[in-house]
Amino acid sequence: MTPEFSRPERLDAIGAGEREVRIAATEAERAALAMRFGVLSVERLDASFRVKRETAGIAVRGRVTGALVQACTVTGVPLNATIDEPVALLFVEALDDQEEVELDAGALDTVEIEGGAVDLGEAAAETMALALDPFPRSPDAEAVLREAGVISEDDHRPYSPLQDLKALMEKR
């Protein structure tokens, strides 16, 4: 299945030198991405990548920027959000079946190459999705929760079966 925002760069078209690739999602692609990621709308999604063949694979570095509208998880009120995320990926022929990999601060996230190309559009879409606030809240969300009887974590006191015994012992 082809992703909603697909911009494949064929491996045989990637030369030895670094080159810059700029992409932008169309209105139809943004509508499909909004549906896929469960947001009200994606107003803008752009990316600028530097693509370079390296010994280990195809290195892709750059930035993903965008604007979208999410719904408050409490009230449903539309909330504007912006995305401005760095990207550092290494596309490889096959991922190793290692259980754990130790990465240093400069390591690139590794993605498996599929279909003889690296899909820069899908990389941008996934970067956008990972940058989203998973629980966006409007300024009045806390008041709405309090009114509904939901207490905050700070106000929560776990029940202890011995707390009543302690009060009785202090009365004696």
Side-chain angles (χ1 to χ4, degrees), residues 1-139 141:
M1 181 174 144
T2 303
E4 303 86 347
F5 180 37
S6 183
R7 297 295 187 280
E9 289 289 316
R10 289 186 17 217
L11 296 180
D12 59 2
I14 299 172
E18 182 176 272
R19 71 184 174 100
E20 189 163 333
V21 177
R22 293 182 183 273
I23 58 174
T26 66
E27 184 177 343
E29 290 167 333
R30 293 190 317 267
L33 288 169
M35 185 176 294
R36 174 179 167 190
F37 294 119
V39 298
L40 299 178
S41 68
V42 177
E43 303 297 318
R44 180 177 55 81
L45 180 59
D46 304 308
S48 175
F49 297 118
R50 292 176 320 282
V51 179
K52 184 178 181 183
R53 185 177 299 278
E54 295 183 353
T55 306
I58 307 297
V60 175
R61 292 176 177 85
R63 278 206 113 51
V64 172
T65 59
L68 52 109
V69 180
Q70 292 181 274
C72 171
T73 56
V74 175
T75 64
V77 171
L79 300 171
N80 293 324
T82 58
I83 303 296
D84 186 358
E85 290 292 313
V87 175
L89 301 172
L90 180 64
F91 287 84
V92 297
E93 289 295 330
L95 293 174
D96 293 334
D97 292 333
Q98 297 175 355
E99 296 266 334
E100 287 186 33
V101 177
E102 292 294 324
L103 298 176
D104 62 27
L108 304 177
D109 288 333
T110 306
V111 181
E112 192 166 345
I113 295 171
E114 294 179 8
V118 296
D119 194 339
L120 300 179
E122 182 61 11
E126 289 178 4
T127 299
M128 178 196 75
L130 290 171
L132 293 175
D133 182 347
F135 302 105
R137 293 221 173 158
S138 64

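Remember, predicted model here, so these are calculated numbers, not experimental data. Values below: every heavy atom of this structure, side chains too, minus hydrogens, waters and symmetry copies.
Of all heavy-atom pairs between Ala24 and Asp46, the closest is CB-OD1, 3.2 Å. The heavy-atom pair separating Arg50 from Gly62 by the smallest distance is NH1-CA, 4.1 Å. Annotation for Val92 and Ala56: closest pair CG1-O, 3.4 Å, computed over non-hydrogen atoms. Across all non-hydrogen atoms, the minimal contact from Asp119 to Pro8 is OD1-N, 3.9 Å.
The stretch residues 76-90 participates, sequence neighbours left out, in these salt bridge (Lys or Arg N to Asp or Glu O under 4.0 Å) pairs: Arg63-Asp84. Legend: side-chain hydrogen bond (donor to acceptor under 3.5 Å, both in side chains) pairs involving residues 66-80, not counting sequence neighbours, sorted by first then second residue: Thr75-Ser138.
To the nearest 0.5 Å, atom CD1 of residue Ile113 and atom CD1 of residue Ile58 are 5.5 Å apart. To the nearest 0.5 angstrom, Thr82 atom OG1 is 8.0 Å from Arg44 atom CZ.
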Show me the side-chain donor-acceptor pairs of residues 124-137 shorter than 3.5 Å, one per line, residues at least two apart or across chains.
residue: Thr127; atom: OG1; partner: Ala123; partner atom: O; Å: 2.8
residue: Asp133; atom: OD1; partner: Phe135; partner atom: N; Å: 2.9

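For Asp12, the salt bridge (charged side-chain N to carboxylate O under 4.0 Å, His left out) partners at least two apart in sequence or on another chain are Arg10. Residues meeting the side-chain hydrogen bond (donor to acceptor under 3.5 Å, both in side chains) test with Glu122, sequence neighbours left out: Arg36. The side-chain hydrogen bond (donor to acceptor under 3.5 Å, both in side chains) check on Arg19 picks up Glu9, with sequence neighbours excluded. Considering only residues two or more places apart in sequence or on other chains, Arg53 meets the side-chain hydrogen bond (donor to acceptor under 3.5 Å, both in side chains) condition with none of them. Remark: Arg30 engages no residue in a salt bridge (charged side-chain N to carboxylate O under 4.0 Å, His left out) (not counting sequence neighbours). Partners of Ala31 by side-chain contact (heavy atoms from CB on, under 4.5 Å), not counting sequence neighbours: none found. For Ala34, the side-chain contact (heavy atoms from CB on, under 4.5 Å) criterion is met by Val39, Val42, not counting sequence neighbours. Every residue two or more places apart in sequence or in another chain that forms a salt bridge (charged side-chain N to carboxylate O under 4.0 Å, His left out) with Glu54 is listed here: Arg61. By the salt bridge (charged side-chain N to carboxylate O under 4.0 Å, His left out) test, Glu27 pairs with no residue at all, sequence neighbours left out.
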*May I have the step-by-step check of side chain to side chain contact (heavy atoms under 4.5 Å, CB included) for Leu120 and Val51, ending in yes or no?*
CA-CA 10 Å; Leu120 300 179; Val51 179; 4.0 Å; yes
_Steps toward side chain to side chain contact (heavy atoms under 4.5 Å, CB included) verdict (Phe49, Leu89)_ = CA-CA 10 Å; Phe49 297 118; Leu89 301 172; 5.9 Å; no
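Applying the side-chain contact (heavy atoms from CB on, under 4.5 Å) test between Phe91 and each of Val111, Ile14, Asp109 identifies Val111 as the sole match.
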